[in-house]
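Okay, structure first, notes after.
On a predicted model such as this, the values are computed, not experimentally measured, just so you know.
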Protein chains: 2
Amino acid sequence: MPAEKLKQMACSDCQIRHRAVCSRCDDDELQKLDKIKYYRTFQTGQTIALTGQKMDFVASVVNGIATLSQTMEDGRTQMVGLLLPSDFVGRPGRDGVVYDVQATTDVTLCCFQRKPFEELMVQTPHLVQRLLQITLDELDAAREWMLVLGRKTAREKLASLLAIIARRYATLRKLSPSDAIEFDLPLTREAMSDYLGLTLETVSRQINALKKDGVIELIGKRHVRVPDMQLLVIEAGDDADGGFIT
Amino acid sequence: MPAEKLKQMACSDCQIRHRAVCSRCDDDELQKLDKIKYYRTFQTGQTIALTGQKMDFVASVVNGIATLSQTMEDGRTQMVGLLLPSDFVGRPGRDGVVYDVQATTDVTLCCFQRKPFEELMVQTPHLVQRLLQITLDELDAAREWMLVLGRKTAREKLASLLAIIARRYATLRKLSPSDAIEFDLPLTREAMSDYLGLTLETVSRQINALKKDGVIELIGKRHVRVPDMQLLVIEAGDDADGGFIT
DNA sequence: TATTAGATTTGATCTGCATCAAAGACGATA
DNA sequence: TATCGTCTTTGATGCAGATCAAATCTAATA
């Protein structure tokens, strides 16, 4: 199927083509998906689902940024996933929620009711194939992140996080890898510290250290420009071309 | 299909029923799997596959323990997965290896040639379903581990690792949760430190601290007895019944 | 039984990040 | 444009775990 045709078939109402469910849809399947989909919006800071609850849908992120995180009884929390537009939310085949899902900016989800979605999975083997590939990508990303959490210094952690976000934004905007990347940080210092296993003070200090050393530029407190992606990646301690998947 | 029948159908030559590929096989599919499978053994310390290589098979662990790990250029390494008997190895649909796979004890794998296995996936939707569920479990485990790496103290990390291993052994041996669990540690102190993002000295100190406090008993240096699983779980900082998946 | 190499323990010291505390900066609202 | 609340920065101090160094232990081999 030509790329152009695929693009036309992007889930009709969203601006984006969902990575999960539309990669090989034909018109027939698209119609079936259309029948069970609906949109929900969440405001900045709002909870999408909490650990222990049931979630009666799976979804694609259309707009905004959501986070997955786990919290210990004493309040220590660790972010385990960062969801950008086109990312998939939910665990097909299981309705229990095992991490808190939260909107860190205003978020629009394109939801699919769980029951009919799972019926569609049974009828549509390539949808399951697709979900398997997505899940493998998420697993790779989670394991890359284990290296960050377990072995990297605070400075390397910050550089890793900025590199991930920069790379994702570049992909979403279809920039070439050599372009300077510029973006608004979708996370507070505290949210970053939850992702990196640090305190917010350390995050603040390291961001400003990277700025002082010319690795990043800061316009205001949230807008970041990466003049040389290569340099940022080196600061992150990755081999020059090695790349995170998510 | 009755459970008894399923059990008989465990992949004929291995003692175990592979979690990945045999959970719902009928005779016909089992024959197809039999045709493409073969056994390989690896000795303690031997490399099964290295990052950057191609792997022309996927496999089930039949015996022994294997590890997945990532190494930075300067030698820092982080273990990202621990594979016990019945665990699945490999990334269906992709032949690139993205973490080193190593045998920490003598290991027997039941391998399936990649090409025919992937053809079988196309013909056998429930196999893909099964792989998706396995991958979701691995993802949950990886994310649980992110919490361990990012937020737990050295003592909690050790307790978490011991709890995971104890729980897996209990499952493999079909012990009831209340039984005292006893097992040989399949990892050196150094391997444990690679899993936990610590140094081997800290691992040693914390293990002996847990022993001194009666949380575990040590017979020799490698044999562990957990008199009260509940206690160990509390030391790990988890809610009493919360459980790791892997 | 002696030898040796790897695994483990133990001790002393150092350091990166956490913790505690307080002072800006900024945007929203009145 | 004044005020409030949230986010961020900055500084001083403390500590968990790293690092460096050297004993032990253990099991395999001669």
Taking distance alone, no hydrogens or angles, what donor-acceptor pairs closer than 3.5 Å link side-chain atoms of residues 181-188 of chain A to residues at least two apart or in another chain?
| unit_1 | atom_1 | unit_2 | atom_2 | d |
| --- | --- | --- | --- | --- |
| Glu182(A) | OE2 | His223(A) | NE2 | 3.1 |
| Asp184(A) | OD1 | His223(A) | ND1 | 2.8 |
| Thr188(A) | OG1 | Glu190(A) | N | 3.3 |
| Thr188(A) | OG1 | Ala191(A) | N | 3.0 |

- Item | For Glu217(A), salt bridge (charged side-chain N to carboxylate O under 4.0 Å, His left out) partners two or more places apart | Arg225(A)
Nearest-angstrom distance from the residue atom [atom1] of [X] to [atom2] of [N]:
X: Gln206(A); N: dC17(C); atom1: CD; atom2: P; answer: 6 Å
X: Asp74(B); N: dT19(D); atom1: CG; atom2: C1'; answer: 15 Å
X: Leu185(A); N: dC26(C); atom1: CG; atom2: P; answer: 16 Å
X: Asp184(B); N: dT26(D); atom1: CG; atom2: P; answer: 15 Å
X: Leu158(A); N: dT8(D); atom1: CG; atom2: C1'; answer: 14 Å
X: Leu196(A); N: dC17(C); atom1: CG; atom2: P; answer: 12 Å
X: Lys211(A); N: dT9(D); atom1: NZ; atom2: C1'; answer: 11 Å
X: Leu149(A); N: dC17(C); atom1: CG; atom2: C1'; answer: 15 Å

- Message: By the 4.0 Å heavy-atom rule, please label Gly197(B) as base, sugar-phosphate, or nothing.
- Response: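 Result for Gly197(B) = sugar-phosphate.
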- Under-4.0 Å salt bridge between Asp95(A) and Lys54(A): yes
- Query: Would you call Asp140(B) and Arg94(A) a salt bridge, using N to O less than 4.0 angstrom?
  - Reply: yes
- Note on the structure: Protein heavy-atom contacts under 4.0 Å, written 5' to 3' over nucleotides 4-10 of chain C as B (base), S (sugar-phosphate only) or - (none), form the string ---SSBB
- Task: Could you verify whether a donor N or O on one side chain and an acceptor N or O on the other, from Thr51(B) and Asp100(B), lie under 3.5 Å apart?
- Result: yes
- May I ask you to check whether Thr67(A) and Gln102(A) show a side-chain donor-acceptor distance below 3.5 Å?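 On atom types as modelled, these side chains do not qualify, holding no pair under 3.5 Å.
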